> 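Below is the structure I would like to discuss, written out as structure tokens.
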Amino acid sequence: MQRTAATTAKGEEILRVEAKWRDRWEADRAAFVDTKEPAGNGKYLLVMLPYPSGDRLHVGHARTYFLTDALHRFLRQTGVTVFCPMGWDAFGLPAENYAIQMGIHPRTSTLANIAAMKEQFRSWGVLYDWTKEVTTCEPEYYRWNQWFFLKLLEKGLAVRRKSAVNWCPSCETVLANEQAEGGVCERCGTAVVPRELEQWFLKITDYADRLLDGLDTLGEWPEKVVTMQRNWIGRSTGADLDFAIPSLNETVRVFTTRPDTVFGATALILAPEHALVPRLLEVNPKRAELESWVASVRSQERIVREAEGAEKDGRDTGRTAINPFTGQEVPVWLANFVIADYGTGALMAVPAHDTRDFEFAKKYGIPIVKVIEPEREEKREEFLRKKEGTGDFLRREEGEGATRGSVAAAAGAGPPPPARDLSKKSPADDAGAPVGAYTGEGFLIASGPFSGKSSSIARELIAAEAARRGIGGPRVRYRLRDWLISRQRYWGTPIPMVHCEKDGWVPVPEKDLPVVLPPDAPFTGKGGNPLEKVASFVRTTCPSCGGPARRETDTMDTFVDSSWYFLRYLDPRNDTEPFDPAVVKEWAPVDQYIGGIEHAILHLLYARFFTRILKDLGHVTFEEPFSALFNQGMITRLSPSGRVEKMSKSRGNSVSLDALIAEKGADAVRAFVLFLGPPEKDAEWSDEGISGPERFLWRVRSTVERFLATGADPQAQPAKGDTPAARVRHMTIKKVTEDFRAFSFHTAVAHLMELLNGASVLVNDAGAEAGETATTLRALVTLLHPIAPHLSEELNERMGGKKSLLMSGWPTFDPALAEMESASIAVQISGKVRAEVSVRRGSSEKEVVAAAEANPAVARWLEGKQRVKTIWVQDRLLNIVVK
RNA sequence: GCCCUGGUGGCGGAAUUGGUAGACGCGCACGUUUGAGGGGCGUGUGGAGCAAUCCGUGCCAGUUCGAGUCUGGCCCAGGGCACCA
């Protein structure tokens, strides 16, 4: 496509104006970005730390920044003091991989990327307060990560323990779960295997309940995120029960959410990783075979072992345990589906009432003993009696039954389960052989003294009984695991620990922080962590005994960096503490957090955890770091694969922002991205769509220019208050203001387009009053500023505006004028719209009925009919029901 | 399997929370301006019908004078979790 002289001139003019205003905002920062004096209505707002990846930011990234900047400018215009900082999440794996591939030091590439991104931000016209910039890979920042670590260690919240990690045998390194997606190393494609390593953990599980409770206070968070966190924490209430193994003189503790089914527990099943496994197998004649099976399950790739529909596999240990409630012997099994680090790594199998146990029992011939009935005997008879009575009762009962329990069909069972019929006892009764487990609640049978009790009551009684007998008791467990922060990586915060032969693990004293990452290390991608090969770093002396010692070479997960950076923004140069509590108290918690849904769990949970720790340490006074959260949707586009997917460079469907801005200007791109659709939803990019907002902005400009050409005073006030033009203006101010407050940027743009159409008519109308027209144009330009800041500032100046729009206030509206004077009433005959009559707003029903009757279309429908009644909605609708 | 979201013209999407469905924009059509192309400007644009009118917010019922909106059931798409005892 060839550009003509005309478009070039237009394009050049746009770019000239945008450059002019960027320079002004930058040169006169103090006038626009004043964060020194937080006012009482201080609104503190921010976005996610952008990752300084190697790629330039493209259109897919733009939404969060445009959205934030629009909100920022709007708030400032309405007089709120806003602090909108930006910083860099600079540590992490991509930079290190880049070093391995390209031979460029992570620090060099990271700092270059940061410089490039800052330049991009500048070109978009986003207002960040760069005086508060934070860069996490600098010792001035990460020394506080180390300081936090020492505090956590003191409180017993940082611990070292053995754990299975994802190991890539080819790269000889540990991978985070995200880096081992699909069970293969993201770098070399080798299958990842589990490997036991000693690792540092932060005990986030100690905070599970507080993290859960806090979720109820997050009213301004998306419900979805709150639910995701709740599921992730995964609180389950139940009971611990001890099963004795007399032949070993040991007991195995299990956790169950269904203690009411304990009389149906016909086996004890342990994870292959369970500590008792070696002893269980000690004297087994097939010991070697069993041990090799255990070893093979333990080394199995996570992805295979946990795959959907993975075959359940187990072995009988030959030992027996005693069911503590029936007193009967049950076999002790090992099975691949038992998870080592949930609960106690052991479970009681109740095949009759658990789908997984059922599947396992069927495969291995373990007895299935039913102990729960969906309905109590006498209740069922009563039910059957009533069933013959009213149909109403039947429907209600079935509804209740459906919510109470469900029949889970056995995996692979042929036909779907038959429609529920409560006259059947349970699926097991149907034809002798049970076809599935009844996992719902009901009433106990064959359960000794508990028979006849309901599930919920029996649960409590059985748990209490276990407690009384000293073999367990009520227990709450969580799905949440402790946070593994060790990374065998160079490009991260060194963990401030030293290992001494004599004293073991010794923390680096606070006065010796930071432990600085050595500038040079061999990046080969082979042989593990490059830090291990830096002798000057590794060799040290023991802080405790002064003898020779080895420094910890693991570095921290980068999520540690992002768990508290938002507080460091407030006091980034502080070198005596992570931040000044007084400054933090003034601004925090964050009023509005904006970011993608991808952080719904990890980052947001870790930040909430850290905030609680900081509160316990006395550094902050609140528990929740982010009062309000907004998740913007992704920008999608058709990719070469033929699917509409998230825009990204790797998918080959990205659109260059740099090129687009160089051609259309930042304002047009901003307006278009905001116009795409509701910001919380995904939006599909269309290359042609930008012409709408582009034309709109150019028409705003030409309309103002045409008005200025008339020589009228652009600062003039309207002569009269109540005119149709004034009403349109007030209405638009109202709508746009409400839209911005509701993050409804796309409708704000639409309403401004309508206002332009009105303004354009005024400018073309020789009879229009100049003050009216000028005031409408000034309102348009002011309201437009959050969306198209450069153009609006330029037009404001050309219309004689003395101050930047950032400082000159937001237009107000008179509610009485923010609606049209006449109301258009829909006239319905028997609920169908037959005509529309225009009346003065506030007209009475009588007046409107008269007006409607005068309308020929209405008259025709009323003719020969009898009026039954009339429904009247003020200023809106008249419905005459006839027969 | 469980838990969320969502389903409205050719397309992106509006709809004051039960009151005129389709704002605004894209696309398309016609007209106009221009030497031409691009661009600009104007008009029209849910479907059917010459018209009166009828039909239309995933499907089926229901409540109501009136349902995109509320209730029950179902279908489809997207997302999250998933052998968590």
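For clarity, every value in this text was computed on a predicted model and none was experimentally measured. Excluded from the calculations below are hydrogen atoms, water molecules and symmetry mates; all remaining heavy atoms, backbone and side chain alike, are included. In what follows, chains carry the letters A, B, and so on, assigned in the order in which the sequence lines appear, proteins first and then strands, with residues in each chain numbered from 1.
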> Kindly say if A:H746 contacts the phosphate of B:rG25, meaning a side-chain N or O under 4.0 Å from OP1 or OP2.
no
> Any ion pair linking A:E311 and A:K363 (charged N to carboxylate O, less than 4.0 Å)?
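Salt bridge present between A:K363 and A:E311.
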> Send over the distance from A:R876 CZ to B:rU17 C1', rounded to a whole Å.
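After rounding, the reported distance stands at 11 Å.
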> Can you tell me how far C1' of B:rC83 sits from CG of A:D341, to the nearest Å?
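Distance check: A:D341 CG to B:rC83 C1' gives 13 Å.
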> Need the pair for B:rC24. Rule: Watson-Crick or G-U wobble, both distances under 3.5 Å, any strand; none if unpaired.
B:rG12
> Under 3.5 Å for both donor-acceptor distances, Watson-Crick or wobble: does B:rG31 have a partner, and if so which one?
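Paired with B:rC41.
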> Provide the Watson-Crick or G-U wobble partner of B:rG18, both distances under 3.5 Å; none if there is no partner.
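Its partner is none (no Watson-Crick or G-U wobble pair with both distances under 3.5 Å).
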> Taking A:K224 first and then A:E680, would you say they form a salt bridge - that is, a charged N and a carboxylate O separated by under 4.0 Å?
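Salt bridge absent between A:K224 and A:E680.
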> Taking any heavy-atom pair under 4.0 Å as a contact, classify A:E223: base, sugar-phosphate, or nothing.
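Nothing, no heavy atom under 4.0 Å.
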> In the strands shown, is B:rG6 matched to any nucleotide by a Watson-Crick or G-U wobble pair with both distances under 3.5 Å, and which?
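Matched B:rG6 with B:rC76 under the 3.5 Å cut-off.
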> Would A:K312 and A:F360 count as a cation-pi pair here, with the cationic atom under 6.0 angstrom from the ring centre and within 45° of the axis?
no
> For B:rA48 and B:rG9, measure between their P atoms and round to the nearest Å.
15 Å
> What does A:D354 touch in the nucleic acid at a heavy-atom separation under 4.0 angstrom: a base, only the sugar-phosphate, or nothing?
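Nothing: the residue A:D354, judged by heavy atoms under 4.0 Å, touches no strand.
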> Rounded to the nearest angstrom, tell me the gap between atom CG in A:D739 and atom C1' in B:rG25.
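Rounding to the nearest Å, CG of A:D739 and C1' of B:rG25 are 15 Å apart.
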> Roughly, in whole Å, what's the span from CG in A:L347 to C1' in B:rC83?
10 Å
> Is the glycosidic angle of B:rG9 within 90° of 0, making it syn, or outside that range, making it anti?
syn
> Measure the OG1-CD1 distance between A:T256 and A:I462 for me, rounded to the nearest 0.5 Å.
10.0 Å
> Between B:rG7 and B:rA14, how far apart are the P atoms? Round to whole Å, please.
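So the two P atoms sit 9 Å from each other.
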> Would you mind building the protein contact string for nucleotides 40-56 of chain B? One character per nucleotide, 5' to 3', B for base within reach (heavy atoms under 4.0 Å), S for sugar-phosphate only, - for untouched.
SS----------SSSS-
> Using purine N1 to pyrimidine N3 plus N6-O4 or O6-N4 for Watson-Crick, or N1-O2 and O6-N3 for G-U wobble, each under 3.5 Å, what pairs with B:rC70?
B:rG62
> Tell me: CD1 of A:I635 to P of B:rG13, nearest whole Å?
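Atom CD1 in A:I635 sits about 12 Å away from atom P in B:rG13.
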> NA contact type, A:S824, heavy-atom cut-off 4.0 Å: base, sugar-phosphate, or nothing?
base
> Counting only Watson-Crick or G-U wobble pairs whose two distances fall under 3.5 Å, which nucleotide matches B:rU53?
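Partner of B:rU53: B:rA48.
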> Applying salt bridge (Lys or Arg N to Asp or Glu O under 4.0 Å), run through A:K646 and A:E598 and close with a yes or a no.
CA-CA 12 Å; A:K646 175 184 180 175; A:E598 66 274 18; 5.5 Å; no
> How long is the line joining CG of A:N855 and C1' of B:rU20, in whole Å?
14 Å
> Any base atoms under 4.0 Å from A:L676, or only sugar-phosphate, or nothing? Heavy atoms, all strands.
sugar-phosphate
> Should B:rC83 form a Watson-Crick or G-U wobble pair with both distances under 3.5 Å, which nucleotide is its partner?
none
> Of all the heavy-atom pairs spanning A:R481 and A:T205, show the shortest one and how long it is.
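Residues A:R481 and A:T205, closest heavy atoms: C-CG2, 3.7 Å.
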> Give the minimum heavy-atom separation between A:A463 and A:P474, together with the two atoms involved.
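Nearest pair, atom of A:A463 first, then A:P474: O-CD, 3.7 Å.
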> Distance check needed: B:rG18 P versus A:I871 CD1, whole Å only.
17 Å
> Taking atom C1' in both B:rC54 and B:rU64, compute the distance separating them and give it to the nearest angstrom.
23 Å
> With sugar-phosphate meaning primed atoms plus P, OP1 and OP2, does A:V338 contact a base, only sugar-phosphate, or nothing at under 4.0 Å between heavy atoms?
base
> Before accepting this row, confirm whether a basic side-chain N of the pair A:R230/A:D216 lies closer than 4.0 Å to the acidic partner's carboxylate O.
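Salt bridge between A:R230 and A:D216, a charged N being under 4.0 Å from a carboxylate O: yes.
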> To the nearest 0.5 Å, how far apart are CE in A:M348 and CZ in A:F325?
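Here the interatomic distance stands at 9.0 Å.
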> Under 4.0 Å, counting only non-hydrogen atoms across every strand here, what does A:E754 touch: a base, just sugar-phosphate, or nothing?
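Counting heavy atoms under 4.0 Å across all strands, the contact made by A:E754 is with sugar-phosphate only.
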> Between B:rG19 and B:rC70, how far apart are the two C1' atoms, rounded to whole Å?
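To the nearest whole Å, 14 Å.
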> In whole angstrom, give me the gap between the P atoms of B:rC76 and B:rC59.
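Per the computed distance, 15 Å lies between those P atoms.
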> Within this structure, what is the CD-to-P distance between A:E738 and B:rA23, rounded to whole angstrom?
21 Å
> Between B:rU53 and B:rC4, how far apart are the two C1' atoms, rounded to whole Å?
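My reading of the C1' atoms in B:rU53 and B:rC4 gives 44 Å.
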> For B:rA15 and B:rC2, measure between their P atoms and round to the nearest Å.
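My reading of the P atoms in B:rA15 and B:rC2 gives 33 Å.
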> Check whether any side-chain nitrogen or oxygen of A:K224 sits under 4.0 Å from OP1 or OP2 of B:rU5, and answer yes or no.
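A:K224 to B:rU5 OP1/OP2: no side-chain N or O under 4.0 Å.
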